[in-house]
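Read through the structure below, which is laid out as structure tokens, and then see the notes.
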Amino acid sequence: MRVATYNINSIRSRHARAIDWMVREEIDVVAFQETKCKPEQFPVEAFEEAGYEIVSHGLSQWNGVAFASRLPMSDVEINFPGQPGFLKGAEGPDQPQEARAIGVTVDGVRLWSLYVPNGRALGDPHLAYKLDWLEKLRTATSEWMTQNPGLPIALMGDFNIIPTDEDNGDPTIIVGESTHVSPEERASFAAFADIGLMDTVRPLVPTGYTYWDYKQLRFPRNEGVRIDFILGNQEFADLVTAAGIHREERKGDGPSDHVPVVVDLEIAGDDDDRPMFL
DNA sequence: ATGCCGAAAATATTTCGA
């Protein structure tokens, strides 16, 4: 099973390009972020024509997460338990949840597509929201693992954190001045290891970025950052046989500013008789 | 050439992204 995470930066603008890539690369499951549309606006038919089913969550032109899969999906879950909300200018609890999390089960593997809040700037309320969101995600993930021993679980998505200086090739992102590299954000990312999740791509792809800003020739200069991850528990990591960062997808006409991150999973008992949507 | 930001709602300019 070949699984990917992809911040697509508008599925309506880029679905044809994404589908071409999925078919060409024989991707079974994609966790999308920043679909930027409501479910009724999602170009479902184009995916179905290519053999992929869609489950999506979107509330407006902002955020939005989805799964496309050519293997059966079950147990679709919108939002994770305890997921915080955010409303600009609002204070206190009970703010509305944004469209940043959707979970599915495929072939006995639990997958989440996650679009972690940006943080915007040091000192911005959005950064406190980001850190709270990540803390609650860790709590929920710990619960899933204790309640489902042996279940392979992966958190896939745009974490909006640059874990180490080696992951930062953008000269405008500066420790001490910028979000994504603050000690608090880096500690929050590292804390996922404390609950038993590991970066399943880095051991197989030791270098490379997943995002390059559209501005200032960031891609031609290779001044990117690594912010898109597939974090898995031990059961998930044990299935991973290969990984890749598809930087070719940043080239050409109309790319997303992110590229897909892919892992291959070897699942015992699988064969070519698995049901598929066609 | 991998080339100087793009999407979306609104309809000109603003918000958001990292």
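All values derive from a computational prediction rather than experimental measurement. Letters A, B, ... mirror the listed sequences (proteins, then strands); counts begin at 1.
In the model, A:Thr5 has a side-chain atom that pairs as donor or acceptor with a side-chain atom of A:Gln33 under 3.5 Å. A donor-acceptor contact closer than 3.5 angstrom links the side chains of A:Trp212 and A:Asn222.
Taking 4.0 angstrom as the limit, A:His258 places a side-chain polar atom (N or O) nearer than this to OP1 or OP2 of B:dA18.
Looking at which nucleotide of DNA chain B each of A:Gln41 and A:Glu34 is closest to, the 5′-most match is held by A:Gln41. Toward the 5' end of DNA chain B, the nearer of the two residues A:Asp158 and A:Ser60, judged by each one's closest nucleotide, is A:Ser60.
Partners of A:Glu34 under the side chain to side chain contact (heavy atoms under 4.5 Å, CB included) rule, at least two apart in sequence or in another chain, are A:Asn7, A:Lys36, A:Tyr115.
In this structure, A:Val104 and A:Ser69 have side chains that are not in contact, with every pair of non-hydrogen atoms separated by 4.5 Å or more. Residues A:Lys130 and A:Val116 form a side-chain contact, since some pair of their non-hydrogen atoms from C-beta on lies under 4.5 Å apart.
Surrounding NZ of A:Lys38 are at most 12 heavy atoms belonging to other residues, nucleotides or ligands under 6.0 Å away.
To the nearest whole angstrom, the two C1' atoms, one in B:dT11 and one in B:dA7, are 15 Å apart. Between B:dT14 and B:dC4, the two P atoms lie 24 Å apart (nearest whole Å). B:dG6 and B:dA18 have their P atoms separated by 16 Å, given to the nearest Å.
Between A:Gln33 atom CD and B:dA18 atom P there is a gap of 10 Å when expressed in whole angstrom units. Straight-line distance from the CD1 atom of A:Ile8 to the P atom of B:dG17: 18 Å, rounded to whole Å. Atom pair A:Asn7:CG and B:dA18:C1' shows a separation of 11 Å (rounding to whole Å applied). In this entry the distance linking CG of A:Asn118 with P of B:dT15 reads 16 Å, nearest Å. Rounded to a whole Å, the CG atom of A:Asn63 is 13 Å from the P atom of B:dA9. Rounded to a whole Å, the CH2 atom of A:Trp212 is 17 Å from the C1' atom of B:dG17. Going from atom NZ of A:Lys88 over to atom C1' of B:dT14 covers 10 Å, rounded to whole Å.
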Inset, instruction - Any chance you could list the contact pattern along nucleotides 1-8 of chain B? Use B for base contacts, S for sugar-phosphate-only contacts and - for none, protein heavy atoms under 4.0 Å, 5' to 3'. - result: -BBBBSSS

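Heavy atoms of A:Phe159 sit nowhere under 4.0 angstrom from any nucleic acid atom. Within the nucleic acid shown, A:Lys130 has no heavy atom closer than 4.0 Å to any nucleic acid atom.
For the segment residues 173-192 of chain A, the set of residues with a heavy atom within less than 4.0 Å of an atom of DNA chain B comprises A:His180, in numerical order.
Classification of the A:Phe80-A:Trp112 ring pair by plane angle, with boundaries at 30° and 60°, yields perpendicular.
Not a single donor-acceptor pair under 3.5 Å links the side chain of A:Ser188 to the backbone N or O of A:Glu184.
In summary, the aromatic rings of A:Trp133 and A:Phe86 are positioned with their centroids too far apart to meet the 6.0 Å limit.
Note on A:Leu114: it clusters hydrophobically with A:Ile195, by side-chain heavy-atom contacts below 4.5 Å among ILVMFWY residues.
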